[in-house]
Amino acid sequence: MRLRHIEVFQAIVQSGSISGAARLLNVSQPNVSRVLNHAEQQLGFALFERRAQGMVVTAEGRRLLPEVDELYQRLQVISQLTDQLRRGEGQTVRLGAAHAFGQMVLAPALVAYRQQASSVNVELVTEHFSALCHSLLNDELDFALAFGQQVHADLLAEPLFQSSMVAVLPLNSPQSGAVTLEWLCQNNLLMMQQQDPLGRVLHRALRDKALQPAVSLSIKTYSVIADMTLAGGGVGIVDLFTACRYVGQLKILPIAQPLPFEVMLISRRDRPQSQSTLQLKQVIRQKLWDIARQCETLFLTPAV
């Protein structure tokens, strides 16, 4: 018997008639009759006797009933489970991100996602790039939001957009307009570490100009660079999202020589992602684009 045969058989048993089965299955009576006739032809025996008072299960049909009932219940469980999966109930999405994205991007993105999928659990960790990649390869994360650089062959990087880094200065600094790398180096530029994704771009630009900052302090976390600038420890270069957190506390200016960076979503190549994961990725993608464009308008658009 095929599943459709079993479904019609069960519906007729429940309702006692062809018309009742059609109503239960939300199909036409001829459709139910056609499926029943096909089932009986394939089986080689009748499942029902057609009587004036309705459809009566034959002896052969009664032998089938316990097995059919058990299978039907399993089908109901499968149907309920697919509904739950469609709604994301009981699912957990494991998300990683570079520290710079935690507050400015992921906080509002997760609030928006909870409004769309309140039954999905989300686990969030913020880490440096190498730790995120390690967690992805160990199947401890579903995907990660990070600044662009080369990834392991088993990982897939989806580019989102490119922009440029900005300079952060004390709020009372007299500087206005774009600042040069030369000026930043002469005013205690707090350096990103060379192995950092954005640090590589900065160090390459400094080497090309044969520049060396006056201080030797190297920092890996962009918010720490901003905090040290706020404390009077020098000037810094950070990404747009970190800069946005310090609006009103620091002076944020474009850099005369563009220092481009890329943002990407990283996941494993061999792991198809759940509907809940894909939905969260889309929410993050949209929120990141919205915030990035607002930041670019604030910091990178020339004053008129």
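Since we're looking at a predicted model, the values are computed, not measured. Note that the numbering runs from 1 along the sequence shown for the chain. Just so it is clear, the values below take in all heavy atoms, side chains as well, and ignore hydrogens, waters and symmetry mates.
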Enquirer: Do the non-hydrogen side-chain atoms of M165 and V238 ever get within less than 4.5 Å of each other?
Expert: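 Heavy-atom side-chain distance check fails, nothing below 4.5 Å.
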
Enquirer: Just to verify, what does Q282 make a side chain to side chain donor-acceptor pair (under 3.5 Å) with, not counting sequence neighbours?
Expert: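 Listed in chain order: R285.
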
Enquirer: Whether R74 and E67 form a salt bridge (side-chain N of Lys/Arg under 4.0 Å from carboxylate O of Asp/Glu) is what I want to check.
Expert: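 Not counted as a salt bridge, because no side-chain N and carboxylate O are separated by less than 4.0 Å.
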
Enquirer: Of all residues at least two apart in sequence or in a different chain, which pass the side chain to side chain donor-acceptor pair (under 3.5 Å) check with R4?
Expert: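 Partners of R4 under the side chain to side chain donor-acceptor pair (under 3.5 Å) test: E7.
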
Enquirer: Looking at A167 and L184, what are the two nearest heavy atoms and their distance?
Expert: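 Taking A167 first and L184 second, the nearest heavy atoms are CB-CD2, 4.1 Å.
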
Enquirer: Report the residues that fulfil ring pair (Phe, Tyr, Trp, His ring centres under 6.0 Å) with W289, sequence neighbours left out, ordered by chain and then residue number.
Expert: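 Per chain and number, W289 pairs via ring pair (Phe, Tyr, Trp, His ring centres under 6.0 Å) with F161.
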
Enquirer: Are any non-hydrogen side-chain atoms of M192 and Y222 less than 4.5 angstrom apart?
Expert: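 Touching, per the 4.5 Å side-chain cut-off.
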
Enquirer: For the residue pair F48 and F9, does the interplanar ring angle fall in the parallel (under 30°), tilted (30 to 60°) or perpendicular (over 60°) class?
Expert: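 Tilted.
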
Enquirer: Could you list the residues that satisfy disulfide bond (SG atoms under 2.5 Å apart) with C295, not counting sequence neighbours?
Expert: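 Applying disulfide bond (SG atoms under 2.5 Å apart) to C295 gives C244.
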
Enquirer: If you take all heavy atoms of I284 and A109, which pair is closest and at what distance?
Expert: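 The answer is CG1-CB, 4.1 Å.
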
Enquirer: D270: what forms a salt bridge (charged side-chain N to carboxylate O under 4.0 Å, His left out) with it, not counting sequence neighbours?
Expert: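 Only R268 meet the salt bridge (charged side-chain N to carboxylate O under 4.0 Å, His left out) criterion with D270.
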
Enquirer: According to the salt bridge (charged side-chain N to carboxylate O under 4.0 Å, His left out) rule, which pairs have a member within residues 98-112, sequence neighbours left out?
Expert: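 Every pair satisfying salt bridge (charged side-chain N to carboxylate O under 4.0 Å, His left out) with a residue in residues 98-112: there are none.
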
Enquirer: Please report the shortest heavy-atom distance between A21 and V32, naming the atom on each side.
Expert: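 For A21 versus V32, the nearest heavy atoms are CB-CG1, 4.1 Å.
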
Enquirer: Search all heavy atoms of A243 against all heavy atoms of F299 and return the closest pair with its distance.
Expert: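 So the minimum-distance heavy-atom pair works out to CB-CE1, 3.9 Å.
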
Enquirer: Would you indicate whether the side-chain heavy atoms of L288 and L160 approach each other to under 4.5 Å?
Expert: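 Contact flag for L160/L288 side chains = yes.
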
Enquirer: Hey, could you give me the CD1/CD1 distance between I225 and I219, rounded to the nearest 0.5 Å?
Expert: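 If we round to the nearest 0.5 Å, I225:CD1 and I219:CD1 are 5.0 Å apart.
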
Enquirer: Which residues pass the ring pair (Phe, Tyr, Trp, His ring centres under 6.0 Å) test with H38, sequence neighbours left out?
Expert: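 Result, ring pair (Phe, Tyr, Trp, His ring centres under 6.0 Å) vs H38: H5.
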
Enquirer: Answer whether the closest heavy-atom distance between the side chains of S218 and M191 falls below 4.5 Å.
Expert: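 Touching, per the 4.5 Å side-chain cut-off.
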
Enquirer: Suppose clustering is done on Ile, Leu, Val, Met, Phe, Trp and Tyr with side-chain heavy atoms closer than 4.5 Å. Which residues sit in the same group as Y72?
Expert: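 Grouped by the 4.5 Å side-chain rule, Y72 forms a cluster of one, so the answer is none.
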
Enquirer: Atom CG of D142 and atom CG of D139: how far apart are they, to the nearest 0.5 Å?
Expert: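 One gets 7.5 Å once the value is rounded to the nearest 0.5 Å.
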
Enquirer: Would you list the pairs meeting salt bridge (charged side-chain N to carboxylate O under 4.0 Å, His left out) in which at least one residue belongs to residues 244-264, sequence neighbours left out?
Expert: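 Not a single pair qualifies under salt bridge (charged side-chain N to carboxylate O under 4.0 Å, His left out).
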
Enquirer: Using the test side chain to side chain donor-acceptor pair (under 3.5 Å), find all partners of T229 that sit at least two apart in sequence or belong to another chain.
Expert: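 By the side chain to side chain donor-acceptor pair (under 3.5 Å) rule, T229 matches no residue at all.
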
Enquirer: Under 4.5 Å side-chain heavy-atom separation, chaining through any Ile, Leu, Val, Met, Phe, Trp or Tyr, what else clusters with L136? Say none if it is isolated.
Expert: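 Once heavy-atom contacts under 4.5 Å are chained together, L136 belongs with V125, F129, L132, L137, L141, V151, L155, M264, I266.
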
Enquirer: Checking the side chain of T221 only, and the main-chain atoms of V224 only, is there a donor and an acceptor separated by less than 3.5 Å?
Expert: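 No, the answer is negative, given that no donor and acceptor are paired below the 3.5 Å cut-off.
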
Enquirer: Is the shortest distance from a Lys or Arg side-chain nitrogen in E140 or R94 to a carboxylate oxygen in the other one below 4.0 Å?
Expert: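 The answer is no: the pair does not qualify as a salt bridge.
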
Enquirer: Please enumerate all residues that pass ring pair (Phe, Tyr, Trp, His ring centres under 6.0 Å) together with Y113, with sequence neighbours excluded.
Expert: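 Counting only residues at least two positions away or on another chain, Y113 forms no ring pair (Phe, Tyr, Trp, His ring centres under 6.0 Å).
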
Enquirer: More than 12 heavy atoms of other residues, nucleotides or ligands under 6.0 Å from CD of Q42: yes or no?
Expert: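 Check passes, neighbour count above 12.
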
